[in-house]
Peer 1: 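I have a structure here, written as structure tokens, and I will follow up with some questions on it.
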There are 2 protein chains.
Amino acid sequence: MAQTVVDQLRESLGNFPVTERRVAHRLLAEYPMAGLQSATDLARAVGVSTPTVLRMVARLGFESYVDFQRRLREELTAQLSSPLSKAQSPTAAGAGPSADAPRAFSAAVARNIEETFAHLSAHEVDQIVALLGDRRNRIHMVGGRFTDALARYLSVQLRIIRPGVSHLQDQEANWQDQLLDMDQRDVLLIFDIRRYQVSLQRLAEAAASQRVCVLLITDQWLSPIARVARHVLPARVVVPSVWDSNTALMALCESLLAAVTSNTWDYANKRMRALEKLRNTV
Amino acid sequence: MAQTVVDQLRESLGNFPVTERRVAHRLLAEYPMAGLQSATDLARAVGVSTPTVLRMVARLGFESYVDFQRRLREELTAQLSSPLSKAQSPTAAGAGPSADAPRAFSAAVARNIEETFAHLSAHEVDQIVALLGDRRNRIHMVGGRFTDALARYLSVQLRIIRPGVSHLQDQEANWQDQLLDMDQRDVLLIFDIRRYQVSLQRLAEAAASQRVCVLLITDQWLSPIARVARHVLPARVVVPSVWDSNTALMALCESLLAAVTSNTWDYANKRMRALEKLRNTV
DNA sequence: CGGTTGATGTAACGAAAATTACAACACCTG
DNA sequence: CAGGTGTTGTAATTTTCGTTACATCAACCG
């Protein structure tokens, strides 16, 4: 009984069918507002049918959707002791902007990271780690205008501990060629944050229709690619700047890498040593 | 838009008839959850008729009750950026390392970021921001095996708000060619963390001897490049993993970018708009 | 004291939402 | 490849809710 709705969601996420899981993701990413809309609105927002939302709620153990909403409200009342006081944004046009700005920035980033990890579904993480660690799979990575650097970053490191890792090169035209050879043994990890790129979406859809396993790392509002992705990890990106921050995405990448590494340590270790030797001789 | 629903309620409270005022009071007392129930439930809770609730909402200036609820939810999302403050549940100790590892990782990363910024020298930051923002300088970036992704990341974004930004391409052999044309009007931003790469060091030394302004972003133990660099920013990189974490470096980059952007906003803004237009026409 | 204004509740209406039943589909298993 | 299981959307049904029209009542004013 002590369990909160968020906990229930995270726990049961693994037992959910795909579309219901999408609903759960939205719920977690936009908690709790997403759950306070009508089930129909929520369904429309995620791109599934209303009954799917209802079934997910039922699977969580609620008698009805209204029951679920009531529970959500109860939790919130308990939680929001004094929401009025802090309502004003603390952007604080304080003393020296050059002195305070970095501090506010770092606080926001650190907070983003904590929230990102707090919202993570253990199931999704485990699945992704397993897929990335399985050497029978071929791994491909790609990102958007800014996030492609992350795809590059992760691919360079992952390549050290396992074979079969590629980073789709910049030229979007070339993606098609590489997509041609993919099938259900391929894993395509996509980074996409707002403003979402249509080219990435097209790629994801084409890949999904070829039974490629599409993984998505995105922002908390979920790229449309979430609809075709097998697993999704959302991260917080808002900071006091005109730009969004991709730092939480990077932390996520590193956490995935750490998990894959420790899960496959016997092999990874050998491989790293071999690589070391190679570097010294060449 | 600036006015929140609470403000409106408090202001108009005096002009309300008795029963409607009772509704308003309940709304304020149990804000905002009271307003997220159905109007009928709210009416019943206060002991008035449903239309009274509706009339009160109309008097506040809302088109309908659903409209009112929508607004309430919007405020909520804006306000509750961290609804999970208490969500740090016992986390079901059973799950083991797969559940706890990411949490420890995120804590370490967040801490790294905070410490990194806490130790920053405002002077160094200001100087670097000024150099990066000065359009008379040409900017070049490069990084090591892993950190080159960061060089790429920052250069892509900086290029949006100013001209003359280049990222030295992967082939180390080509670095020499690009170095050839550099002089005191060039700024070379280098990323280098342990294990420090000799090729980077050679590049830095060559550049410095040509009076190029070398900037360094490195780890807390300082790359040897620090000796020839004009300005240095160190970041924390240790996390519970066999890998080091470059997340704090990224946060640093984003903070620099934010500062440069806001310092040169007049120009940057124009340029971004122009770019936007260009993207739409092409 | 009659008439007017505004507040309030009752009841009826219509729209939207939740729920249920069913059929199509994909996926796995033998 | 057939049969079964489980998932999903469509469509029909029922319920709830928001909304509106109207009647009652109280207070105020000429």
Side-chain angles (χ1 to χ4, degrees), chain A residues 5 9 12-27 33-73 123 127 131 183-185 205 207-214 226-232, chain B residues 5 12-27 32-73:
Chain A
V5 174
L9 273 172
S12 335
L13 206 61
N15 313 326
F16 286 172
V18 221
T19 56
E20 294 183 25
R21 197 176 307 163
R22 282 223 296 273
V23 179
H25 269 129
R26 175 58 149 256
L27 239 24
M33 196 205 108
L36 293 171
Q37 320 172 11
S38 73
T40 313
D41 281 349
L42 176 56
R44 188 162 30 228
V46 185
V48 301
S49 68
T50 312
T52 300
V53 174
L54 275 349
R55 278 189 289 255
M56 196 230 61
V57 166
R59 212 185 291 257
L60 271 181
F62 292 96
E63 291 218 342
S64 66
Y65 189 77
V66 282
D67 200 45
F68 169 72
Q69 284 191 319
R70 195 165 38 74
R71 173 68 179 280
L72 223 46
R73 279 197 300 269
H123 172 262
Q127 293 291 314
L131 284 165
D183 55 32
Q184 58 262 47
R185 283 198 317 274
E205 280 163 2
S209 71
Q210 286 178 228
R211 307 195 181 285
V212 172
C213 176
V214 175
R227 302 210 182 151
V228 299
R230 198 82 61 92
H231 301 289
V232 181
Chain B
V5 175
S12 336
L13 207 62
N15 313 329
F16 286 171
V18 219
T19 54
E20 294 184 24
R21 197 176 305 167
R22 282 224 301 273
V23 179
H25 271 133
R26 176 56 150 258
L27 235 25
M33 288 311 141
L36 293 172
Q37 325 171 29
S38 73
T40 313
D41 282 348
L42 176 56
R44 190 162 29 226
V46 186
V48 301
S49 69
T50 312
T52 300
V53 174
L54 274 350
R55 278 190 287 256
M56 196 231 59
V57 167
R59 210 183 294 259
L60 270 181
F62 292 96
E63 290 216 342
S64 68
Y65 190 75
V66 282
D67 199 46
F68 169 72
Q69 285 192 318
R70 197 162 39 74
R71 172 68 179 279
L72 227 42
R73 278 198 301 266

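The structure presented is a predicted model; accordingly, all values stated were derived computationally and were not measured. Proteins get letters first, then strands, A, B, ... in listed order; numbering begins at 1 in each.
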Peer 1: Can you pull the ring-ring contact (aromatic ring centres under 6.0 Å, His included) pairs that have at least one residue in residues 43-62 of chain A, sequence neighbours excluded?
Peer 2: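 Every ring-ring contact (aromatic ring centres under 6.0 Å, His included) pair that includes a residue of residues 43-62 of chain A, provided the two are not neighbours, is Phe62(A)-Phe68(A).
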Peer 1: Determine the minimum heavy-atom distance between Ala34(A) and Arg26(A), stating which atoms define it.
Peer 2: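 In terms of heavy atoms, the two residues are closest at CB-O, 4.0 Å.
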Peer 1: Identify the two heavy atoms, one from Val232(A) and one from His25(A), that lie closest to each other, and give their separation to 0.1 Å.
Peer 2: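 Heavy-atom minimum between the residues: O-NE2, 3.5 Å.
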Peer 1: Grab the CG-P distance between Leu42(A) and dT19(C) for me, whole Å please.
Peer 2: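 Spelled out: CG on Leu42(A) to P on dT19(C) is 13 Å.
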Peer 1: Out of the candidates Thr40(B), Leu42(B), Leu36(B), only one should pair with Ser38(B) under the side-chain contact (heavy atoms from CB on, under 4.5 Å) rule; please name it.
Peer 2: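 Of all the options given, the one that passes is Thr40(B).
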Peer 1: In sequence, state the C-alpha distance, the side-chain angles, and the governing distance for Val5(B) and Arg71(B), and then conclude on side-chain contact (heavy atoms from CB on, under 4.5 Å).
Peer 2: CA-CA 8 Å; Val5(B) 175; Arg71(B) 172 68 179 279; 3.8 Å; yes
Peer 1: Output one letter per nucleotide in nucleotides 4-18 of chain D: B when a protein non-hydrogen atom lies under 4.0 Å from the base, S when only the sugar-phosphate is that close, - when neither is.
Peer 2: ---SBBB------SS
Peer 1: Send over the distance from Leu36(A) CG to dA17(C) C1', rounded to a whole Å.
Peer 2: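 Spelled out: CG on Leu36(A) to C1' on dA17(C) is 16 Å.
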Peer 1: Round to the nearest Å and state the distance from Arg70(A) atom CZ to dA18(C) atom C1'.
Peer 2: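 My rounded result for the distance is 15 Å.
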